[in-house]
Engineer: 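First, the structure itself, so that you have it in front of you.
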Amino acid sequence: MKAIATDLPEVMILEPKVFGDSRGFFMESFNRRAFEAATGCERDFVQDNHSRSRRGVLRGLHYQLEQPQGKLVRVTHGRVYDVAVDLRRSSPNFGRWVGVELSADNHRQLWVPEGFGHGFVVLSESADFLYKTTDYYHPASERCIRYDDPELGIDWPVVPDLTLSDKDLAGAAFGEAEVFA
Ligand SMILES: Cc1cn([C@H]2C[C@H](O)[C@@H](COP(=O)(O)OP(=O)(O)O[C@H]3O[C@@H](C)C(=O)[C@@H](O)[C@H]3O)O2)c(=O)[nH]c1=O
């Protein structure tokens, strides 16, 4: 497992060791010890999620105010551009974001800790997106910030015909959103 820093110190790219041979490949997609060594974070992951989306689907930017979730995210089919935004008012990086391409080919994972907003857009014909979370789904405290908030200024790749859920279309402006202390 190789850890690669991003511009936000708490957000990390993890690259599992991939063993390829004539049959295909093998990798440890999660190893608690390796995760802790790479990130310095001790976590109990309690939920695994899997979504499938077609090209141009954009999900985000999501977070839960209560039961905030750390997310270890990856793609097993296709390609996405994945974004994490620091939503902790006390952070020197409050409002800053990082974006990383995750794909079935690059096997990259992104560790998005609690206190960050998260979203992605699908770049391939379809994408299977898998992630582990450190707390349970808590719809009552789920929040969404608009992906295209001008203050955040996320540099999303250009993908024609974006598709968003009604919930995501109704996302809050960053400046008006309830965020973390
Ligand atoms: C996220 C989630 C959704 N659901 C249900 C609620 C709803 O009926 C259906 C679809 O939910 P959503 O539209 O919220 O799914 P989606 O837009 O894929 O939400 C996800 O987006 C990405 C970007 C994240 O970071 C995740 O944490 C999560 O918020 O699935 C669960 O049962 N458990 C869950 O953990």
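Owing to the predicted nature of the structure, the values given are computational and were not obtained by experimental measurement. Order of listing sets the numbers, starting from 1, for every ligand and every atom in it.
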Engineer: Which ligand 1 atoms are under 4.0 Å away from a heavy-atom of Gln47?
Structural biologist: 34 (C), 35 (O)

Engineer: Quick check on contacts: which atoms of ligand 1 are under 4.0 angstrom from a heavy atom of Glu142?
Structural biologist: 14 (O), 29 (O)

Engineer: Closest non-hydrogen protein atom to atom 34 (C) of ligand 1, residue and atom name please, with distance?
Structural biologist: Tyr137 CG, 3.2 Å

Engineer: Say whether Gln64 and ligand 1 are in contact under the criterion: heavy-atom distance to a ligand atom below 4.0 Å.
Structural biologist: no

Engineer: Mind telling me whether Trp111 and Phe35 have parallel, tilted or perpendicular rings, with 30° and 60° as the class edges?
Structural biologist: perpendicular

Engineer: Distance below 4.0 Å between atom 9 (C) of ligand 1 and any protein heavy atom?
Structural biologist: no

Engineer: Under 4.0 Å from a heavy atom of Lys71: which atoms of ligand 1 are those, numbered in the order shown and with their elements?
Structural biologist: 24 (C), 25 (O), 26 (C), 27 (O)

Engineer: Heavy-atom distance from atom 18 (O) of ligand 1 to the protein below 4.0 Å?
Structural biologist: yes

Engineer: Just to confirm my output: which protein heavy-atom neighbour is closest to atom 16 (P) of ligand 1, and how far is it?
Structural biologist: Arg59 NH1, 3.6 Å

Engineer: Does at least one non-hydrogen atom of Tyr131 fall below 4.0 angstrom from an atom of ligand 1?
Structural biologist: yes

Engineer: Side-chain donor-acceptor pair under 3.5 Å between Ser126 and Arg55, yes or no?
Structural biologist: no

Engineer: Just let me know how His62 lines up against ligand 1, side chain, backbone, both or neither, with a heavy-atom cut-off below 4.0 Å.
Structural biologist: side chain

Engineer: Got a second to check how far Leu14's CG is from Ile4's CD1, nearest 0.5 Å?
Structural biologist: 8.5 Å

Engineer: Hey, which atoms in ligand 1 end up nearer than 4.0 Å to a heavy atom of Lys167?
Structural biologist: 12 (P), 13 (O), 14 (O)

Engineer: Which one of Gln69, Arg43, Lys71, Gln67 satisfies the side chain to side chain donor-acceptor pair (under 3.5 Å) criterion with Glu114?
Structural biologist: Arg43

Engineer: Parallel, tilted or perpendicular: which describes the rings of Phe19 and Phe26, with under 30° parallel and over 60° perpendicular?
Structural biologist: tilted

Engineer: Taking the basic N atoms (NZ, or NE/NH1/NH2) and the acidic carboxylate oxygens, is any pair closer than 4.0 Å for Arg32 and Asp44?
Structural biologist: yes

Engineer: Kindly say whether the aromatic ring centers of Phe116 and Trp97 come within a distance under 6.0 Å.
Structural biologist: no

Engineer: Do the two ring centres, one from Phe129 and one from Phe120, sit under 6.0 Å apart?
Structural biologist: yes

Engineer: Strictly less than 4.0 Å: does any protein heavy-atom distance to atom 29 (O) of ligand 1 fall in that range?
Structural biologist: yes

Engineer: Nearest 0.5 Å, please: how far is CZ in Arg79 from OG in Ser103?
Structural biologist: 7.5 Å

Engineer: Taking N or O atoms only and a 3.5 Å limit, does His118 qualify as a polar contact for ligand 1?
Structural biologist: yes

